[in-house]
Structures are given as C-alpha cells and as structure tokens.
There are 4 protein chains.
Amino acid sequence: MADSRAPDSTRRSDRSRRAIHDAALALVTEVGYAKTTVEGIAARAGVGKQTIYRWWPSKAAVLLEAFLDLTEQAARAAADGAATYEIPDTGDLAADLKLVLRATVDEMNDPAFDLPSRALAAEGIVNAELGAEFARKLLEPQLQLYVKRLRAGQEAGDVRRDLDLRIALELLAGPLAHRWLLRTLPLTHAYADAVADYALYGLAPRG
Amino acid sequence: MADSRAPDSTRRSDRSRRAIHDAALALVTEVGYAKTTVEGIAARAGVGKQTIYRWWPSKAAVLLEAFLDLTEQAARAAADGAATYEIPDTGDLAADLKLVLRATVDEMNDPAFDLPSRALAAEGIVNAELGAEFARKLLEPQLQLYVKRLRAGQEAGDVRRDLDLRIALELLAGPLAHRWLLRTLPLTHAYADAVADYALYGLAPRG
Amino acid sequence: MADSRAPDSTRRSDRSRRAIHDAALALVTEVGYAKTTVEGIAARAGVGKQTIYRWWPSKAAVLLEAFLDLTEQAARAAADGAATYEIPDTGDLAADLKLVLRATVDEMNDPAFDLPSRALAAEGIVNAELGAEFARKLLEPQLQLYVKRLRAGQEAGDVRRDLDLRIALELLAGPLAHRWLLRTLPLTHAYADAVADYALYGLAPRG
Amino acid sequence: MADSRAPDSTRRSDRSRRAIHDAALALVTEVGYAKTTVEGIAARAGVGKQTIYRWWPSKAAVLLEAFLDLTEQAARAAADGAATYEIPDTGDLAADLKLVLRATVDEMNDPAFDLPSRALAAEGIVNAELGAEFARKLLEPQLQLYVKRLRAGQEAGDVRRDLDLRIALELLAGPLAHRWLLRTLPLTHAYADAVADYALYGLAPRG
DNA sequence: AGATAACCGAGACGGTACGTCCCGTCTTTTT
DNA sequence: AAAAAGACGGGACGTACCGTCTCGGTTATCT
C-alpha cells in the first residue's frame, strides 16, 4: 500500500511514535505548520526520517494522529474516569449551550489548541482525504454531543420536534467555526451567547 | 543590490499580469494548490520568475488577486451593467434568503470556484495576514449584502429589531461554510433551505 | 551489547555461506559492483542481513571470498585431480608463455570472470587492506607460476641467469593488466603474442 | 541529455567551477574517494548541490575534470612556456627512459597525485564510460610521449625497426602500473631501472 | 530429556547521502 | 526600466542502504 510492502506493526517502537507526536505538535506550535518539516520533526524526535515515512504518509497525517492523541488524553483527563466528555444538562438549554460554546471559544483562542487544529483544518480543506478523516475522527464525535443535548431538549419541550438535529447543531457550531477559520471578527463569549440566543429563538419576530 | 524598492507600476506589462492570473487559476484548478509553484506559474504564463516576484509577495497573493479579478468579472457579467450584485427583495424574506443560499451552494459545488477559493481559504487559515486580506476583500463585501437585505427585513417587520445583523447573517452563512470547509456532510439545496428556515424561526418552539 | 566478538564458527550454516557467495557473484555480474548492496545480497540469498555482517566485515570481503571460492573450484576442475594448475613446459618457452598469456586474455574477456575481478581490483585500488589481501591470495599465487616456468627456462638456457624473475614476470603480466584495467586498447591474442616476443627478445636490436 | 534540457554554458559561474574542483581534490586527498560525497563537495565549495548536478553527471566526472585541470596546470608550469612536456632525448635511450620511469614512480608515491588518480582509475575500472574518458584524456597523451621517444630511438638505431611502438611502450608502462594499482610489491627507482633494462635487452640471452 | 545457548530469518531502528524540486535572489540580454 | 530567461546558494523532499539492534524459531550441544 504505502511502501513496497506493509511494515510489521507489532515490532513498532512506541517510544519513537510518541517522540514523533510530541515533536510534531511542538514544532507546529513554535514555528507554524508551513515551516514544520518532516526532517525537522525527525531531528527533534531523535528519529530517522524513514521511521516517519514508514508509518505515516505525510506530515499532515503525523500531525492529525498527534493531535488526536492529545485530545484523547485531554478528554480522558477532563472526564476523570467518567465515561466521556458531555454537554451538561441542567434543564436550562440556553445556559447549557452558552457554557459549551464559550468553552469552544476559549479553546479556539488558546494557541496550544488553535495552532495545530488550524493547520489540520487548512490541510483538510485542500486535501479531501485528510479532511474526511479529520471530520470523522475529530469533528463528528464532538458534534454528536450537541445532537444528544438537543434531543434531551426536544424531550423536555425546549426544542421543536420537527427539526433535524444534525442540521440544528450547525446553527450553533457553524457561526463559531466561521469566525475562527475565516478571521472576519473576533471570537468572544458575547458572540457565543448571541449565537445561542439567535439560534434558539430565531431571527424572525415571535408571535 | 536588491530590487531596491518600488518598481514603476506605470510601465507594468498588463499582458503579463493577466497571463499570470490565468496561469495561477488554471494550475490551482488542475493540479491543486500545493503542487502549484511560482516556477510553474511563470512557465505556464510565458513569463520570467522575477516578473512575479516583482509584483507579488507570494504565491498566495498572486492567487488572491487572480481570484478577485475573476469574481469581479463574474459579478460584472451577472449584474449586466447594473451597479453591483445584490440579494433580491421580493418581500418574501425566507424565499429571498433561500435563493441566495442555494446560489452559494451551487458555487461551492462548482470546481472552477471551489478549488481556488478553497486554496485561498486554507492559506488564510494558517497565514493571518493573507486571511485578513481574504476576509476584507472577498468575504466581507458579500456578507454585507446579507446585512442590507436583513435591514430591509427589519423595516418590513420580518426581522427582530433588537438583533445585531452582522451576527444574524452568520447564522445563515456560518453553517454553509462549515459544511463546505470541514467536509462533514454534503452541501445541498435542501440544506440551504433548512438553514434559512431554522435560522429565521429558531430551534425553540414558538409561543 | 555488540555481538561481543567471535561467533562460533563450528555452528555456522554452510548453506547460507554458499547462498551468499552465489548471490554476491550473481549480483555483481548482473547489476555491477556499485549497485550490489549487502541488503540485496541478503535478500537474494534468502538470508538475514546480520548473517552477512556476522561473518564478513564488508561487501568487498564477501565478494573476495566468493571469487576465491569460484576460482578454486575452477582450478580444481581444470587440474582434474592434479595438484594445481601450472604453466606447461614443452621446452619452447615462447610458445608456453604465449599459451598462458592467451588464456589470460580469454579470461579477461569472459564476463563471468571479468566483472567480479574488475570489481575486486577496483576496490583493492582504493582500499589498501583489501588490495593487499587480493594480491596475496589471488594474484601472487598465479604470478609464482611464471616464476617457476621462467626458472626452468633459466636452467634450459632460455632465460638470462642474471635476472630477478619476480621482476621479469611483470614484463609479461604488466602489459596485459594495463590494457585490461585501463581500457586503452583491446586485449587480443595477437597482443599477448607480441608481449611475449617483445619481452623475451627486447626492444633494442640484437647483436 | 543530463537534465530535462541542457543548461546555458555561457552563463556558467567560473568561480563555482573552480571551487568545486578544489573541494573535490581536497576531499579525495583528505578522506578518500568513498567518503567523498557530492553533498560534501558542495558544502566545502560553498555551492548548491544542484550546481554540481547541473554540470556533471557524477562524483567521478567532477573528480576527473578537476584532476585534468590540475595536471594541465602542472604541465604548463613544468614546461615553463615551452610547447609541452616531453621525454628528453640525450642520445642515451636507456638513461632517458629510466629518468622518466623514475619520475613516474615518484608521482605514484606522492599522495597528492596518488590518491585522486587511484580513485579515478578505480572508478574507471568499474565504469566503462568513465574509464574510456580517463584513458583518452589523461593516459593516452602521456603514453604517446613514449612513442615519440621510441621512434627517435628507432631512427638512432637503438630500437628494433620491426616493432609496434604502441605495444613496445606497454612493456615499460605496464609493469609500473601493475605494481602501482595491484599493490604486489613496492614501487622503487631500482624497479624502474630494472624494467627499462629488461625491456630494452629482453629476458632471453643475447646472441 | 530438558535446558540453554548460538545461529538464523526477518526487519525496525537512527543515520547519511542520494538526486530532484523549488525557493527567492541575482545577472545577462532583449525589447 | 521592465521583461524573459535561467544560473545561483540554499533547504527540504522522499528513497535507498548503511550497520546495529531486537525479535521469535530452529538446531545442537551440554548437562
């Protein structure tokens, strides 16, 4: 597939794999994606270049895996033994959504998260294969949390029953992503709150 | 030593400028942004490399200008001599928004538009300076068309008076951009319609 | 840590040794010395790389041993059970020398001999240690055959008594090696004959 | 031929060409041919690798040209304005030959000459194309000097009239090359003298 | 007969160099 | 003075091998 033939993954060095992850994330954060090179990652990780090319098809794939690992660890740490990270359900839908949207805004403003995920998103925009993997492995699981909370809202009578929730969530996540990626205007808590309110109650006058 | 600043733009060759635009767009469409090189653009345009470096700071800047030129021509053609392109106002806000959102979906699904703008968006995501220029020159003028139509809606009583329309428009454009850039799900007319409806009438049940 | 010295040669696999010899000779003949790699030899021989590195210090050493083995077998076959290969002594020194020089020319024109020995000679030219081993194990024994025949010539009155025969022989072998290695002019039987005649009777006019 | 198309040799940088020559000779002398790399030559010469690959097909070709340049300069210096280097003609053929053979022995024992020419000879032994060029450009011109002196000898009655002088010279040069390249025994002035004497007067007893 | 070495095949590993592609600068010649 | 052309110093690419290093799996003695 990749090489002449597939390498034997049972003999893979875990030490090297982790060193490569760390080096990739560090370099992207420090010097940016464009100036991060496979050669640089290998040197920083104390690893031969071939060890990278043996297991990953591209710089972007290394970074994607490294970032996935990172977020998994972070999620595990946050969940503290609990099942998985979730959107809270206090009964107040608007408040719950604002909480999570504000948290998202904070993440997008934190360089440790912003820089690598920006790089991945950019690469995925141009490279369909990686983009699909990015969406499937990273994005979609997070979006499904919205679906779950909105479904609970439906049952509580806070969300219209006739909605496609997979679409509904994009009214919340889309605007944030828009500002984050396209740099039109700053991403603030106030904006997060406004998006939640506008989405829940609509642009048209009520009644 | 260096070109020691400020080439004389009055003596600039228009022929070369246009050939470079065309070559850049063609190459990005044909082989993708990453494999498009300055050398390649120069060769394709029948131009010396220095002619590119004299007038543009980077490959991305060439493409941005070329794309701007392209959209301007397209807009001029569409407007057929009229001032500029606008969102129509038939009195039916939902219908008008759906019309323009569907048109946007169509553009995003047309390779001649999709490939170069995707490349520019991706570059802008990682390169703040270019991103800002992309937003200012390309994005913002289009977004202001929504503000204008929504303001008319406010006056007609179809849009709540207490809204910040610059935010309101993002409920419409954000979800489309989200699907376009992040490749979560396909971009269809049905989706455009749903976004317009959900945004106008809100996720929460009415009165 | 390292193989910490001295593998146990009593447990060595003869099968592997021979397979490595064969693979080395085959590859040198087929693709040339420079493109013959230790990895290639190992793969062709169906052997682990370490098995080569355990028993030989270098690619050149493998080839030298393989070639030694080959020439020994060839000599054994030619001598047909007799002690060793010898220059015949028919009483006619010039004829005997021409016979063996012509045979040498034939060998040098036979790819199965030419290619590997060329490779070894070339390596020995640049690598003093291997060169010395090449000379001692392969060359010198053959040259001593000339000494023996020339000594018999001395006793028969066909060779001057005041000569250093170790030097004398080089008047015969040197010119052939010169053409063989340095590719100045083609190596033919006529050339071999001329060398024998010129060397025996001298360049200066007689009497 | 070499690249996609031939580079424009009128725009070639002479400074780089010379720096590359010098670096190649220095490295071969200092670390040996095998450890001399194109990358190393480029670095030492303060030159991009591509500048080497643009003008030469291989490391060996660089070295050959560098060495040719060197010997030409040396010859020009030795000839001190005279036409070209020649074998002297004092009327005593044996003495003249010994003089030039001893000089050859001295060259072969001088590392500044020995190391690069050994490397070239070795490469030429394995690489027919380079070997032919080596013979044609470097070797043959020198060998023709012998032909000239021997022809004068013929006219003076010191050399048999029935000889092919192109072959005769190899009785002199061949044995020296043999010891030089194949490292059988040391190359001394005494050996040079013996070769001249044996070749001139023959191995067989005189009348 | 079981333990215990060593060799053996396989191939991952940290490295070095390869030959190629482009970068952005420069110089030369033409328009 | 701009433009076409392209050589230049440089840096990274992805590949091929180097020689070292585990890893099971077979032998092949030595208790």
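Chain naming here is simple, since letters A, B, ... match the order of the sequence lines and numbering starts at 1 in each.
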Checklist outcome for this item: Given protein heavy atoms under 4.0 Å, the one-letter contact record of nucleotides 6-11 of chain F, with B base, S sugar-phosphate only and - none, is simply BBBBB-

Next on the checklist: Could you tell me if C/R11 sits above the aromatic ring of C/W55, with its cationic atom closer than 6.0 Å to the ring centre and no more than 45 degrees from the axis?
Outcome noted: no

Checklist entry - Between B/F67 and B/K137, is there a cation-pi geometry (under 6.0 Å to ring centre, at most 45° from the normal)? => result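 Checked: cation-pi criterion not met.
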
Drop me the distance from [X]'s [atom1] to [Y]'s [atom2], to the nearest 0.5 angstrom.
| X | Y | atom1 | atom2 | value |
| --- | --- | --- | --- | --- |
| A/L68 | A/L138 | CG | CG | 5.5 Å |
| B/L63 | B/Y33 | CG | OH | 6.5 Å |
| A/R54 | A/S9 | CZ | OG | 12.5 Å |
| A/R12 | A/R17 | CZ | CZ | 6.0 Å |

Checklist entry - Has the side chain of A/R183 got a donor or acceptor atom that lies under 3.5 Å from a matching backbone atom of B/I125? => result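 Yes, because the side chain of A/R183 sits within donor-acceptor range (under 3.5 Å) of the backbone of B/I125.
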
Next on the checklist: Under 4.0 Å between a side-chain nitrogen and a carboxylate oxygen: does that hold for A/D22 and A/R18?
Outcome noted: no

In this structure, how many angstroms lie between the [atom2] atom of [N] and the [atom1] atom of [X], rounded?
| X | N | atom1 | atom2 | result |
| --- | --- | --- | --- | --- |
| A/I52 | F/dT15 | CD1 | C1' | 14 Å |
| A/I41 | F/dA12 | CD1 | C1' | 12 Å |
| C/R18 | E/dC8 | CZ | P | 13 Å |
| D/Y33 | E/dA17 | OH | C1' | 14 Å |
| B/K35 | E/dT20 | NZ | C1' | 15 Å |
| C/Y53 | E/dG11 | OH | P | 16 Å |
| A/R44 | E/dG14 | CZ | P | 17 Å |

Item to check | Residues from residues 125-132 of chain D lying under 4.0 Å of DNA chain E - heavy atoms | outcome: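 Heavy-atom cutoff 4.0 Å gives no residues at all.
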
Checklist entry - If you find the nucleotide of DNA chain E closest to D/K59 and the one closest to B/K59, which residue's nucleotide is nearer the 5' end? => result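 Closer to the 5' end of DNA chain E: D/K59.
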
Item to check | Candidates D/K59, D/R44, D/K49 - the one meeting salt bridge (Lys or Arg N to Asp or Glu O under 4.0 Å) with D/E39 | outcome: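 Passing option: D/K49.
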
